There are 2 protein chains.
Amino acid sequence: MGIQGVRSQRQLSSEKTAAILAGAMQQFLRYGYAGSSMDRIAAAAGVSKATVYSHFRDKEGLFAALIQQMAVEKMALMDREHFGEGSARELLQRILAQGVGQLEEDDEYGAFIRLIIGESGRFPQLARLFVENISKPGVDRLTQLLAAHPQVQCSDPEATARIVIGAVVHYKLIQDILHGRDIMPLESDRIIQALVNLICGAPAQVWPSAGGSRS
Amino acid sequence: MGIQGVRSQRQLSSEKTAAILAGAMQQFLRYGYAGSSMDRIAAAAGVSKATVYSHFRDKEGLFAALIQQMAVEKMALMDREHFGEGSARELLQRILAQGVGQLEEDDEYGAFIRLIIGESGRFPQLARLFVENISKPGVDRLTQLLAAHPQVQCSDPEATARIVIGAVVHYKLIQDILHGRDIMPLESDRIIQALVNLICGAPAQVWPSAGGSRS
DNA sequence: GTCTATATCACGATAGAC
DNA sequence: GTCTATCGTGATATAGAC
């Protein structure tokens with residue numbers, strides 16, 4: 001099903017290939033798979049429709065190649081980051097601020113997530129590719145980071161990592177992808193602070209006695 | 001844009017209307033908006049295509065009516081629940097177990113979420129309808145519950161509620177909607193327990209002294 | 001390799017009989 | 001109100017010139 005055999009279509013001009021993929025990205029991200037036409041993709045790429053079919057077997061092959069390319073791109077965004085030194089609280093805060101900020105400024109990322117989820121019924125293998133190359137590496141990295149800092153109070157780092165990632169992704173989902181910013185307004189700092197406080201303990205623990213942590 | 005004026009189309013037979021909506025649900029949930037055809041919807045409903053057009057103005061009107069109906073249905077699932085008495089930990093655990101269990105057994109719910117997200121670019125008003133009638137009430141209820149139990153250690157109940165809901169929704173998203181169960185296996189109890197421990201403190205609080213809440 | 005032109009078909013929406 | 005039949009359009013994919 002199209003996921004294999006993408007590389008075998010690449011030994012062509014590779015100048016037009018990039019243009020076609022760019023046009024396909026613009027259309028697929030905006031209109032979804034079934035809502036995009038090969039005519040408009042060719043027009044957006046600045047080539048004829050026959051050229052598209054000389055570079056990719058059919059619409060499904062083009063779509064699979066695009067998703068694969070975007071998965072590699074978005075995966076690379078995360079791998080290069082090093083988060084320096086500091087306490088667990090500082091480190092976690094830095095990671096979350098960087099992740100949320102990147103997610104908020106990258107409009108394309110939201111459209112990509114929308115596309116993957118929307119087509120996950122028709123293209124389950126591409127959805128799995130997203131999980132394997134994007135979701136899992138992110139959760140794994142955070143899991144190792146939580147496990148490496150024993151001062152954080154969590155007995156299950158893997159489940160905790162998924163909670164953190166899930167909270168951030170869901171925030172992006174409601175705020176941007178589902179256009180809920182006016183209905184459920186919430187500053188991203190509130191999410192970040194609440195997450196850090198949950199995992200590292202409340203910040204201003206005035207009385208370390210039995211009281212609690214109300215402001 | 002179709003969201004209004006749905007009721008005005010209802011004073012018809014209302015026998016066929018239900019059949020059409022059922023057929024539309026089957027098709028739209030499976031193939032998305034652009035991937036569904038009015039011919040197959042009519043066939044799935046057991047009526048002719050002209051009958052569909054006598055009950056709904058066009059494809060967009062039918063889609064909007066279906067989303068509206070499903071939003072009301074799924075909203076009603078949550079409103080009727082009463083969670084009895086008990087400590088904050090017991091209460092939260094009961095709520096999460098009930099919510100996750102309902103989300104896991106209801107295949108239709110996953111397909112509905114996939115559809116809403118996938119079409120949120122083309123139909124932003126329907127996405128907002130989902131946020132307003134499904135997401136917001138759930139978060140609001142959990143927020144009030146967290147705020148009503150001062151023994152839970154959270155200074156921002158609203159942000160905390162969104163973290164909890166986000167973790168659960170993201171779990172459903174990865175496991176079922178994106179077919180990642182084999183790639184990132186995780187028992188739902190692990191998520192529930194980790195959430196409860198984060199919010200209510202670790203379970204075995206042997207010494208309630210200055211130590212904090214390490215396990 | 002890339003184009004224009006075309007084959008073939010399914011789509012949304014409607015007309016008109018009953 | 002519901003059906004059959006159909007109109008016009010735009011879809012995927014290909015043929016053949018250059």
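These numbers come from a predicted model, not from an experiment. Residue numbers start from 1 in every chain, and the chains themselves are labelled A, B, ... in the order their sequence lines are given, proteins ahead of strands.
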Minimum-distance nucleotide to B:Lys59 side chain [options: C:dG12, C:dT2, D:dC3]: C:dG12
Round to the nearest Å and state the distance from B:Leu62 atom CG to C:dA13 atom C1'. 14 Å
Spacing of A:Arg57 atom CZ relative to D:dT14 atom C1', expressed in whole Å: 15 Å
If only side-chain N and O atoms of B:Thr51 are considered, is one of them under 4.0 Å from the OP1 or OP2 phosphate oxygen of D:dC3? yes
Between B:Arg40 and C:dC11, does any side-chain N or O lie under 4.0 Å from OP1 or OP2? yes
Looking at D:dC3, D:dA13, C:dT14, which one has an atom nearest to any side-chain atom of B:Val47? D:dC3
Nearest whole Å is fine: how far is D:dT6 P from B:Tyr53 OH? 19 Å
Separation of atom CG in B:Asp39 from atom C1' in D:dC3, rounded to whole Å: 14 Å
Is there a donor on the side chain of B:Lys49 or the base of C:dG12 sitting less than 3.5 Å from an acceptor on the other? yes
Nearest whole angstrom, please: distance from the C1' of C:dT14 to the CG of B:Asp58. 13 Å
Do the two ring centres, one from B:Phe63 and one from B:Phe56, sit under 6.0 Å apart? no
DNA chain D: A:Met38 or A:Ala50, which has the more 5' nearest nucleotide? A:Met38
Determine, for B:Tyr31 and B:Arg40, whether the Lys NZ or Arg CZ falls below 6.0 Å from the six-membered ring centre while staying within 45 degrees of the axis. yes
Whole Å only: how far is the NE2 atom of A:His55 from the P atom of D:dT12? 18 Å
Find the distance B:Phe56:CZ to D:dT2:P and express it as a whole number of Å. 12 Å
For B:Ile20 and D:dG1, give me the distance from atom CD1 to atom C1', rounded to whole Å. 11 Å
N/O (side chain, B:Ser37) to phosphate O (OP1/OP2, C:dC11) under 4.0 Å: yes
In Å, rounded to the nearest 0.5 Å, how long is the span from CZ of B:Phe130 to NZ of B:Lys74? 10.5 Å
To the nearest 0.5 Å, atom CD1 of A:Ile165 lies from atom OG1 of A:Thr160 at 11.5 Å
Consider only side-chain N and O atoms of B:Ser48 and B:Thr51, and report whether a donor and an acceptor are under 3.5 Å apart. yes
